[in-house]
*Asks:* 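Mind having a look at this structure? Questions to follow.
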Amino acid sequence: MKKNFILKLILIPVCAVISAALLVFLFFVFLTIVEYRPKAIEKVDYTTGTAQLEKQKTLSILSWNIGYASLGKDEDFFMDGGKKVRPDSKKTVEKYFEGIKKTISEYPSDIIFIQEIDEKAKRSYRINQVEELKKSTGKEGSFALNYKCIYVPIPFPPIGQVASGVATLTNMQTTLAERRSLPVPFKWPIRLANLKRCILATRIPVYENGKATGKELILANFHLEAFDNGEGKIAQTKALMSFLNSEYEKGNYIIAGGDFNQTFPDSSSFPIIWPDGWVPGHLDKDMLNEGWQFAYDDSKPTCRSNEKPYNDEDAINKNWQYFVIDGFILSPNITLEQINVIDENFQNSDHNPVIMKFSLE
């Protein structure tokens, strides 16, 4: 009797440990089976407008990482050294998203690039932000997944289901939208529940005096790697430039933009004051061939640290970590007329939008 009791005392915890290990193993097997495995190039659904893109006409483009309407002024983020996974309520996400839509409406643009927009995700209370933004702007467009996982098991409480990516909106004629995969720096099993980043490439025919020129404006919308050792950013940037150069060699016009998660070569604004926090990479000025240019505004920050909720008093005292990591790359046949950061003081996202005016030579 006593021996049986001792045996039970030993077997029960051993069985519990084995059962737990088996469950974890089966969970990773499940994630492996359902892992998002996009092809190198995939056509994505798009809707087209009717406006013709004319050479030498001044146009505008707005780019904004909206932080899935969940990284406004009252939020921090666990990956940046904060504590939170998502806002405390759906109402908070809706409030941030209403602010985002209001800002976009106040700066009407011919083209809109959006990064970190959720199609369906637990972290943003399953609001279909893509469809809502199309409705609010009245623009056509396309969407490509950057992050798709049936269940992200970290941290606690877990992130859960995610379907998120980048969206390009415009009422100009569109002939094709493609998702072009970028290199993934993560290995199994980290890869299973991580981002699979891409370029959303949109093709718009170019006209001159109402006649088609046979050339295209290539819009490349992206959100490059954030939480890697630096090699992922470099590999993705090289893949991006390979695509852009190949399109320019065809005689096309190129505007590539979004969140680089890297600072620009000649910018020295907003040095690192929180070295223990997240630190961006740095773009190499030699990555651009002759005539190409970076387009950015570093008079104001485009991004703030998420180590803690945003505090206006600290911001006024400049005791905050800011970055300039959002902007564009332009091919030699694009004329940059003006570019500005729209200072929203990070009320509804951890990024400020960037708006640019340009024309095709």
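Computed from a prediction, not measured in an experiment: that's the story for all the values here. Numbering starts at 1 and runs along the sequence shown.
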*Asks:* If we only count heavy atoms from C-beta on, is the Asp259 to Ile325 side-chain gap below 4.5 Å?
*Replies:*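 SC-SC contact between Asp259 and Ile325 confirmed.
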
*Asks:* State whether the side chain of Glu225 and the backbone N or O of Gly232 hold a donor-acceptor pair below 3.5 Å, judged by distance alone.
*Replies:* no

*Asks:* Show the nearest heavy-atom pair for residues Glu344 and Pro353, with the distance to one decimal.
*Replies:* CG-CD, 4.1 Å

*Asks:* Working to the nearest 0.5 Å, report the span between CG of Leu336 and CD of Gln293.
*Replies:* 5.0 Å

*Asks:* Should Ile104 and Ile61 be counted in the same cluster of Ile, Leu, Val, Met, Phe, Trp and Tyr side chains packed under 4.5 Å apart?
*Replies:*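 No, because Ile104 and Ile61 fall into different hydrophobic clusters, even though each may have its own neighbours under 4.5 Å.
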
*Asks:* In terms of the angle between their ring planes, are Phe27 and Phe30 parallel, tilted or perpendicular, with boundaries placed at 30° and 60°?
*Replies:*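 Taking Phe30 first and then Phe27, their aromatic rings sit tilted (interplane angle of 30° to 60°).
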
*Asks:* Salt bridge check, Lys250 against Glu216: does any charged N sit closer than 4.0 Å to a carboxylate O?
*Replies:*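 No, no charged N to carboxylate O under 4.0 Å.
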
*Asks:* Other residues, nucleotides and ligands only: do more than 12 of their heavy atoms fall within 6.0 Å of NZ on Lys308?
*Replies:* yes

*Asks:* Is it the case that the ring center of Phe113 lies less than 6.0 angstrom away from the ring center of Phe222?
*Replies:*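 No - the distance between ring centres of Phe222 and Phe113 does not fall below the 6.0 Å cut-off.
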
*Asks:* Name the residue from Arg123, Gln115, Gln129 that meets the side-chain hydrogen bond (donor to acceptor under 3.5 Å, both in side chains) definition with Ser164.
*Replies:* Arg123

*Asks:* Give a yes or no on whether Tyr68 and Val162 share a hydrophobic cluster (residues Ile, Leu, Val, Met, Phe, Trp, Tyr; joining criterion: side-chain heavy atoms under 4.5 Å apart).
*Replies:*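 Yes: a chain of side-chain contacts under 4.5 Å links Tyr68 to Val162.
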
*Asks:* When you measure from the side chain of Asn352 to the backbone of Asp343, do you find a donor-acceptor pair of N or O atoms at a distance under 3.5 Å?
*Replies:* no

*Asks:* Would you say Leu31 ends up clustered with Trp188 if hydrophobic residues are merged whenever their side chains have heavy atoms under 4.5 Å apart, either directly or through other cluster members?
*Replies:* yes

*Asks:* Quick one: pull up CG in Leu169 and OG in Ser109 and give me the separation to the nearest 0.5 Å.
*Replies:*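 That separation rounds to 10.5 Å.
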
*Asks:* Does Glu231 CD have over 12 foreign heavy atoms under 6.0 Å away?
*Replies:* no

*Asks:* Give a yes or no on whether the backbone of Leu224 and the side-chain of Asn261 come within a donor-acceptor separation of less than 3.5 Å.
*Replies:*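 The answer is yes, because a donor-acceptor pair under 3.5 Å joins these two groups.
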
*Asks:* Search all heavy atoms of Cys198 against all heavy atoms of Val166 and return the closest pair with its distance.
*Replies:*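 Reported closest heavy-atom pair: SG-CG2, 4.4 Å.
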
*Asks:* Can you measure from CG (Asp45) to CZ (Arg179) and round to the nearest 0.5 angstrom?
*Replies:*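 Separation between the atoms: 14.0 Å.
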
*Asks:* What I'd like to find out is whether the side chain of Ile254 reaches to under 4.5 Å of the side chain of Ile334, using heavy atoms alone.
*Replies:* no

*Asks:* Decide side-chain contact (heavy atoms from CB on, under 4.5 Å) for Thr48 and Glu140; before the verdict, give the C-alpha distance in whole Å, the side-chain angles of both, and the deciding distance to 0.1 Å.
*Replies:* CA-CA 6 Å; Thr48 180; Glu140 308 298 335; 5.8 Å; no

*Asks:* Identify the heavy atoms of Pro155 and Phe78 that sit nearest to each other, and give their distance.
*Replies:*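 The answer is CD-CZ, 3.6 Å.
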
*Asks:* Quick check: do Ile329 and Met241 have side-chain heavy atoms less than 4.5 Å from each other?
*Replies:*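 Ile329 vs Met241: side chains touch.
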
*Asks:* Name the residue from Ile117, Ile127, Ile100 that meets the side chain to side chain contact (heavy atoms under 4.5 Å, CB included) definition with Glu132.
*Replies:*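 Per the side chain to side chain contact (heavy atoms under 4.5 Å, CB included) rule, the option paired with Glu132 is Ile127, out of Ile117, Ile127, Ile100.
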
*Asks:* Got Asn289 and Tyr248 here, is their nearest side-chain heavy-atom distance under 4.5 Å?
*Replies:* no

*Asks:* Does Lys211 pair with Glu208 as a salt bridge, N-O distance under 4.0 Å?
*Replies:*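 No, this pair does not count.
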
*Asks:* Working to the nearest 0.5 Å, report the span between NZ of Lys134 and CZ of Phe143.
*Replies:* 9.5 Å

*Asks:* Around atom NZ of Lys95, are there more than 12 heavy atoms from other residues, nucleotides or ligands closer than 6.0 Å?
*Replies:*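 Atom NZ in Lys95 is crowded, with more than 12 foreign heavy atoms closer than 6.0 Å.
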
*Asks:* Does any part of the side chain of Phe323, heavy atoms only, come nearer than 4.5 Å to the side chain of Ile272, both counted from C-beta?
*Replies:* yes

*Asks:* What are the two closest non-hydrogen atoms of Ala220 and Ile199, and how far apart are they?
*Replies:* CB-CG2, 3.7 Å

*Asks:* Walk me through it: do Phe77 and Asp350 pass the test side-chain contact (heavy atoms from CB on, under 4.5 Å)?
*Replies:* CA-CA 10 Å; Phe77 186 55; Asp350 59 333; over 6 Å; no

*Asks:* Which heavy atom of Ala163 sits nearest to which heavy atom of Ala121, and what is that distance?
*Replies:* N-CB, 4.2 Å

*Asks:* Test Tyr322 against Phe346 for side-chain contact (heavy atoms from CB on, under 4.5 Å), laying out the working first.
*Replies:* CA-CA 11 Å; Tyr322 297 113; Phe346 307 108; 3.6 Å; yes

*Asks:* With a 4.5 Å cut-off on side-chain heavy-atom distances among I, L, V, M, F, W and Y, is there a chain of contacts connecting Ile342 to Phe97?
*Replies:* yes

*Asks:* Could Asp228 and Lys233 be called an ion pair, given the rule that one side-chain N must be under 4.0 Å from one carboxylate O?
*Replies:*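 Looking at Asp228 and Lys233, the cut-off is met.
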
*Asks:* Under 3.5 Å, is there a donor-acceptor pair between the side chain of Tyr36 and the main chain of Asn146?
*Replies:* no

*Asks:* With a 3.5 Å distance limit and no angle check, can you tell me whether Asp297 reaches the backbone of Val341 through a side-chain donor-acceptor pair?
*Replies:*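 Checking the backbone N and O of Val341 against the side chain of Asp297, a donor-acceptor pair under 3.5 Å is found.
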
*Asks:* With a 4.5 Å limit on heavy-atom distance, are the side chains of Lys73 and Asn345 in contact?
*Replies:* no

*Asks:* Output yes when a side-chain donor or acceptor of Thr58 lies under 3.5 Å from a complementary backbone atom of Ser359, and no otherwise.
*Replies:* no

*Asks:* Distance check, rounded to the nearest 0.5 Å: Ile339 atom CD1 versus Leu330 atom CG?
*Replies:* 7.5 Å

*Asks:* Do the side chains of Ile150 and Ile33 join up, straight or via other hydrophobic residues, at under 4.5 Å, putting them in one cluster?
*Replies:*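 In one cluster with Ile150: Ile33, yes.
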
*Asks:* What verdict does the side-chain contact (heavy atoms from CB on, under 4.5 Å) test give for Trp278 and Ser305, after you've listed the backbone C-alpha separation in whole Å, the side-chain angles of each residue and the deciding distance to 0.1 Å?
*Replies:* CA-CA 7 Å; Trp278 181 81; Ser305 174; 5.9 Å; no

*Asks:* Decide, yes or no, whether a salt bridge links Lys102 with Glu98 under the criterion of side-chain N to carboxylate O below 4.0 Å.
*Replies:*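 Salt bridge between Lys102 and Glu98, a charged N being under 4.0 Å from a carboxylate O: no.
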
*Asks:* Sub-3.5 Å donor-acceptor pair from the side chain of Tyr46 to the main-chain atoms of Thr175, do we have one?
*Replies:* yes

*Asks:* So how far is it from Thr103 OG1 to Glu106 CD, rounded to the nearest 0.5 Å?
*Replies:* 5.5 Å

*Asks:* Please name the pair of heavy atoms, one in Arg86 and one in Lys122, separated by the smallest distance, quoted to 0.1 Å.
*Replies:*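 Taking every non-hydrogen atom into account, NH1-O, 2.7 Å.
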
*Asks:* Between Ser89 and Thr92 (side chain of the first, backbone of the second, donor and acceptor by atom type, cut-off under 3.5 Å), is there such a pair?
*Replies:* yes

*Asks:* Check this for me: does any side-chain nitrogen of one of Lys148 and Glu119 sit under 4.0 Å from a carboxylate oxygen of the other?
*Replies:* no

*Asks:* Would the distance check show the side chain of Tyr147 and the main-chain N or O of Ala193 forming a donor-acceptor pair, the cut-off being under 3.5 Å?
*Replies:* yes

*Asks:* Can you tell me if Gln236 uses its side chain to pair, donor with acceptor, with the backbone of Pro183 under 3.5 Å?
*Replies:*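 Answer holds: yes.
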
*Asks:* Is the closest side-chain donor-acceptor distance between His351 and Thr302 under 3.5 Å?
*Replies:*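 No, no side-chain donor-acceptor pair sits under 3.5 Å.
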
*Asks:* Answer yes or no: is there a side-chain heavy-atom contact under 4.5 Å between Lys55 and Val206?
*Replies:*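 With C-beta onward as the side chain, the pair touches.
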
*Asks:* Indicate yes or no: at least one non-hydrogen side-chain atom of Leu145 is less than 4.5 angstrom from one of Pro38.
*Replies:* no

